[in-house]
Every structure is written in structure tokens, then in C-alpha cells.
Amino acid sequence: MVDYISGLNDPQREAVMHGSGPLMIIAGAGSGKTRVLTYRIAHLIDNGVDPFRILSLTFTNKAAGEMRHRIEKVVGTEARNIWMGTFHSVFAKILRIEAKAIGYTSNFSIYDSDDSKSLLRSIIKEMALDDKVYRVNSVFSRISGAKNRLIGPDDYLNNSVILADDESARMPHIGKIYQQYALRCFAANAMDFDDLLFNTNVLFRDHLDILNKYQHKFQYVMVDEFQDTNVSQYLITRKLAAVHQNICIVGDDAQSIYAFRGANIENILNFQRDYGKENVKIVKLEENYRSTNTIVQAANSIIARNKNQLEKHVFTSNEEGPLIDVIKASSDNEEGRLVASAIFEAKMNESLVNNDFAILYRTNAQSRAFEEALRKVSLKYRIIGGLSFYQRKEIKDLIAYLRFTVNQQDEEAFKRIINLPKRGIGDTTVAKISVIAAEKQDSVWEIVADITKHVAGRASFAIEGFATLIKSFKLLLDQKDAFEVASHIAKTSGLLKELYDDKTVEGLARYENVQELLNAIKEFVDNPDNEDKSLSAFLQSVSLLTTADEKEDDGDNDRITLMTIHSAKGLEFKNVHIVGLEEDLFPSQMMLESRNDLEEERRLFYVAITRAEKRLTISYAETRYHYGRLKMCEPSRFLMEIDQKYMKVSKQRSAPSRIDFDRPERDRSESTSTGSMAFVRSLAQKTAQRQTPQQAAAHTPSPDFAPTSTATLASGQRVEHAKFGFGTVKNVEVNGTERKATIQFEQVGEKVLLLSFAKLRVV
DNA sequence: TATCCAGGCTTTTTT
DNA sequence: AGCCTGGATA
């Protein structure tokens, strides 16, 4: 037996050895949480608990895979039998087994957010609502938010608070849309991501026999990243653990970064209440084994500014380590170059490999500059997230074929493939079919399968061909495994041929992507862990892959990792670059406008910092492209929030000091060795010329604009704005963190400008 | 029905 | 800048 106890510290050992009863582990960043969780499960199995009776919920499937692997090393192949995965994948599996109880069949489709939004778009159109008012994204997030709080369509329509809310947002019909959306999903035998959790709750609520079965089955329930669970997830775990009460949650409130998705920090507090304060064993893991003292203390100095948090003192006995480097760049591209060369140097000086580096940013769109710069110095990199493999058009197309073959009620898949490849079936024909389907109260497929009965004319031939094609695919389902069916469909549908005929570089890439998908299906079929090798089983697993789950290239695996901070959760790297530390970008202006949760942004920064083991570098740019326009940027307030004694300013750049943050430099072009400021200036001029005729006519600005702040403005001051021209400052207002100026412009009259946005110059 | 072009809009994060 | 939509055209 492997001795996994002796290497642990006291609280870690306590958590591992804790037997039955509720256990809450508050695990600071880098405190060996995964280790505790794996050893705890291994310890249970060693003590005779049947792996089949352990349920362990993780944040990504990859995390589940790794944990399983580590447990296997301790207890052997038994570990394969543990129920382990994300909430979504585990409960999709259970719903597949129990589908009939809630009126679904086990081959139900899973709608990804594109499918959901496309369905919402149709509904909004059908209800003759203005899609400028009912923006799909906001409707979707309202519905998603409701589902995550277990509010069904009927509850929604009966909830006066919500209705009043919608009313004031001038979208009073969201409830109706929600109702229609739910009906259509059900009719399509489809569930969206939120439904997987919502319907699990419904299943357990309405079918006590089924609930009972799983309550007794799962003797031990473990939930990782508990701070990021929402109410819907919380209730599932609470119900499942109600019989044995052996629930162990692991989390860190300081790393809660998914409140926008309905995650609820209060779950941690509810936990004690639900199981009784005296029954809950609490273990705090506060020693950080990952990072240098500098990094740990800097992170602490950031998170200390949040009011909402549990008491915790993260410390480390690691070495002090180098100070945090701050790099100021003149533009986003310059930032890319500086980061690339910093990595290049660090690789040499510290003899590191690419895998030791990560570049973390707030938004996926920021990756571009780093990709270009890294490519230029021939550093290999990989991007996690962004447009993922499974979101590519060609992949979604083939998957839509597969989905429709498995489930002909799948409306979104149908819409996608009915005229793909082009077979002369246009929107009008499709609309006609749905009208007939609605009249006859049939599914679209019933009409399509028997088209000659309903429609005569040219299009009906094409549709007949489509129906025959799908029918022939259906016949294969019971006889062949997922791979055989899928490759047959790829060939016979004409999709593969169409891509093969496309000889452009992109066409070739798309063809290869489809081959890659077929390979993935082959792997799925060949994997002994998968008992069910049907196409339906593959589709369910594939819809729930996380961006972090994506397969890595087999060949050259030593790569610098580029990703958003959100995707970096749970990972660690020797050297970390946090980039784009500009006000409005990080903290994100969107977040502050929509939810005004600066604390969550700060936790996000905390997560980013604590990914680093040895060296942390933070950078920002003074100008950045935004919707193809050059935008002036101010350094983020987060830079000032770090205890300055842990920071130093990179030698290559002119020093950003406390003072610099409040006062724009007049002339910085000399300090940039590449002369990039001149380049930026010329671009600024070009950009100005590219504006709409009206704007250009209004004012062609002088090029030399600087970030503006309160320190540079006083009432009576003359200013020039990039768009509005010359004006006089009337009033400057500082309200908390928001800084506004009222300016009387000569050409356009009075304007109130948010300073961080203003392209202002004092004249 | 398919294709081309102009104009408008976008970006917060993810299961 | 890139993507999507809608209208005009082939």
C-alpha cells in the first residue's frame, strides 16, 4: 500500500482521514487541494468503500481524468469505477438513464449556447418582437439565470419581482419567450446546458423512487471548486447527500469567479446551516506550497481589499523570490513583443522550457498580439479556449448530421443541415414546412419524411432525397458503432466531398478538422472506459467538453500556454505573465456596467496572480485596438492595489510610478526603442481618416493624445477631443472610482465624458 | 435560390 | 478589424 499520509501537514491529514459526516475544506490557492482530494478518495477505497458508491464532481472533465489517474496510482484500476466528472457530464449520464421519467428519450440532444440562441432568435421573430429590443444575449442570460435558480417558465410568469424587473428593462415578454423556449426544447427532445441541472432537480423532485436510488447509491459525495456552484447544483448535491450525510466540499471563496453564471458564494455559508454548525467539520488549508512569498503576499494584499470574504491567512514558507515585474508598453502589439522577449530571456537565463510559461488575459480577443509576437521569435504556443474545435462550422455541421440522425426531433440540427450541402431548399421552403408541421401539430420530421403527401413541386424532390438519406443513416444506428456510422455519414452526406473539393488553405484545414473529428470518434469507440459505444453516447460526451478538455497535439508538447484567467483556474506555471492591466479592460468595463461587481474582478486578479510559482510579470499597454479603432488606455487600478513593495518596474521601459499613473507623459516616444510610438501615431491618423464622413468632418484630431485623468483636468481648461474637437471643461467629478468631466464643445455642444474613455488632450 | 455588397455591430468570462 | 444581416442583383 502506498503511504500517502506521512507527507501531509496537519490540516491536510485531518481532511484526508475524516471519516463520515459533512466536511468543508477551505483551501487557499496552492494549498495542495487536489492532493488532499485524491488521497481522501484513495483512503476511502482503502478502507473498503466501493468506488461505485463514490461521486466526485469536478470543474472540468480533464481535472476528473487527472484525479482518476492519480487515485489509480494509489489504489489501482478500481479507481476507474468512481463516478467522476463535471456536474453537467455526470447528470447528463443519469438523465440519459432516467430520461423516460421526465418525458424525454435517452437519445436526447444537448443544445449548446449557439443552438439555444438560434432557437431564441426564431422564437423572438415568430412572436414578432423587435430583436433590437429583445437582444438574444440578454434574453438568454435572463432565462439561464432563472433556470439556475430553479425558476421554471410558470414560476417565472407568476413572479411579480421578476416581471417588474423585465418591465423596467423594457422587455416585458421574456417570460413568454421562456415558456415558448422550454416547450420547443422539450418538443425537440433537447436540453440546454442549464436544463441538465434543472431537469435533474425536476427528476429528483418528482420521482422520489429515483432520488432514493441515487441517494443510497452514492455513499460519499465530493464537490470540488464549490465556490463556483450555483443554486441548482447545490440542491442536487444536498439531495444526494441527504441519506448518508457524507458530503465533502472543497472551495475557496477568494477564487469565486463565476458569479456571472449564477455561482453563489453563499452556498458555502448555507452549507454550515444545512447540516448544522456542530455537525460540519471545517478544515482550513492555509499553507501555500506553490508560490514564492512575494507572490503570496502580493496576492494577499489584493484580496484584502474585498469586504466579502471568509477569514483566512494564506502563508508560505517558500523562498522570497524575485519582485513582480511591471512592463509598460506603448501599444498592444508592443506589449506582445515585450512579453515575447521577456519569455525568451527568461528561458535562457533560468533554463526553463515553454511549458513553464503562461500568458493570462481577461478576454480571448487579446491573444492576437501575443500569437504574432511569439511566432516572430519562434516560440511555440498553444491557445486554450477562444473558438474551440467543436465550435468550428465544419465540425458543427457534421455533428448536426449526427445529432439529427440520432434524434429527428432536433430542430436546431435540422435547420443546420436541411440545405447543406446546397440542395436547393431555401428559407421559404423550410418556413413552409414548419407552418405545415405547426398546423398538423407534428414534428418537422413527420412532414419531411413524407413530403410528397404535403408539398408538390421542385423543392419536394430535394426534400425527398434528404429524407431518404436520413432514413438510410438511421438504419445504421443499431448495427454499427459511432465511428462507422459517423464516417459513413460524413462521406454519404456530401459534406466531406464539398470540403475536399475546396482547395484553398482554409478548405484544406476544414477537411482536416473533419478527419480529426472522425479520429476523435474512433478514439471514443476504442476507449475501454466507454461501455456505450453508440453514436448517441458519443454525442452526449462531446457536447459537454470543456475548452480545457481539448486534445493536445501529440507531436511537440512543449508550448507556452495562452488563455483567459477563467480557463487558468486550477492550473499553475513557473512563470506567469498577466497582461492587459488597463482600466476598463481588467477590471472589465462590461462587468462593472452590468453587475458592478468589482470584488469578483479582484478575485479574478487574485486567481491570476496565484497561478505563478516563481516569477510574475504584469504588463499593460497605453494604446490598444478596439473594434478596429485605436483606443487610449489607462493603467488598471489593480496595479495600484498591489502592495508596491512587492513590485519593481522593468528596466527596459520608462518607469510607471505612482505619479505616472495620474499624470500622462507628454513625450514618451524617445523612451521606446522601436520607435513604435511614431508608428502608433501614424495609425491614429489613419484611423481618424477612416471614420465616418460626419465624424471626420466634425474634427480631424491632432495625433498626440494621451490617457486622461482628473489630475490633468480642471474647470476652465481648454481641451481637444479626438471626435468632438475643441472645448472647455465645465466640471470634473470624482465619484468613487468613476471619473467624469462635463465639457462644452464648440462644435457639438455639452458632453459628459467618462474620463477613462475620453480621447482628450489638454491644449 | 444563390451571391454580392454595404452598413451595422461587436467583446467579459464558460458548462 | 471581422462577422453578420438585409437588400439588391444574377
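Heavy-atom basis, side chains included; hydrogens, waters and symmetry copies ignored. Throughout, a chain's letter reflects where its sequence line sits, starting with A, and its residues are numbered from 1.
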Problem set entry | A:Glu225 CD to B:dT13 C1', straight-line distance once rounded to whole Å | 15 Å
Exercise. Excluding sequence neighbours, so at least two apart, what forms salt bridge (charged side-chain N to carboxylate O under 4.0 Å, His left out) with A:Glu266?
Worked result: none
Seminar exercise, completed: From OH of A:Tyr361 across to P of B:dT13 the rounded distance in Å is 10 Å
Exercise. Base, sugar-phosphate, or nothing for A:Tyr258, non-hydrogen atoms under 4.0 angstrom?
Worked result: sugar-phosphate
Collect all protein-nucleotide pairs involving nucleotides 5-11 of chain B in which both atoms are nitrogen or oxygen and the distance is under 3.5 Å.
| residue | atom | partner | partner atom | Å |
| --- | --- | --- | --- | --- |
| B:dT10 | OP1 | A:Arg135 | NH2 | 2.6 |

For this session: Applying salt bridge (charged side-chain N to carboxylate O under 4.0 Å, His left out), name anything that partners A:Glu601, two or more places apart in sequence or on another chain.
Result: A:Arg362
For this session: May I ask you to verify if any side-chain N or O of A:Ser567 is less than 4.0 angstrom from the OP1 or OP2 atom of B:dT13?
Result: no
Problem set entry | Gap between atoms CG and P, on A:Asp114 and C:dC3 respectively (whole Å) | 14 Å
Exercise. When we call it a touch if two heavy atoms are under 4.0 Å apart, what does A:Asn419 touch: a base, just sugar-phosphate, or nothing?
Worked result: sugar-phosphate
For nucleotides 8-10 of chain C, list the nitrogen or oxygen atoms of the protein found under 3.5 Å from its nitrogen or oxygen atoms, one pair per line.
none

Problem set entry | base_contact_polar (B:dT13 base, A:Arg362 side chain, donor-acceptor, <3.5 Å) | yes
Exercise. Taking only residues two or more places apart in sequence, or in another chain, which ones meet A:Arg375 in a side chain to side chain donor-acceptor pair (under 3.5 Å)?
Worked result: A:Tyr381
Problem set entry | Between B:dT14 (C1') and A:Arg261 (CZ): distance, integer Å | 5 Å
Problem set entry | Which residues share a side chain to side chain donor-acceptor pair (under 3.5 Å) with A:Glu394, sequence neighbours left out | A:Asn513
Exercise. Are the charged groups of A:Lys33 and A:Glu225 less than 4.0 angstrom apart, N to O?
Worked result: yes
Exercise. Taking atom P of B:dT14 as reference, at what distance in whole Å does atom CG of A:Leu604 sit?
Worked result: 10 Å
Problem set entry | side chain to side chain donor-acceptor pair (under 3.5 Å) involving A:Lys393 - partner list, sequence neighbours excluded | A:Asp397
Seminar exercise, completed: In whole angstroms, the gap separating C1' of B:dT1 from CD1 of A:Ile418 amounts to 14 Å
Exercise. What pairs with A:Tyr258 under ring pair (Phe, Tyr, Trp, His ring centres under 6.0 Å), at least two apart in sequence or on another chain?
Worked result: A:Phe59, A:Phe260, A:His566
For this session: Apply ring pair (Phe, Tyr, Trp, His ring centres under 6.0 Å) to A:Phe538 and list each qualifying residue two or more places apart in sequence or on a separate chain.
Result: A:Phe524
For this session: Measure from CD on A:Gln589 to C1' on B:dT13 and round the result to the nearest Å.
Result: 15 Å
Exercise. Taking atom types as modelled, is there a side-chain donor on A:Asn201 or A:Ser232 under 3.5 Å from an acceptor on the other?
Worked result: yes
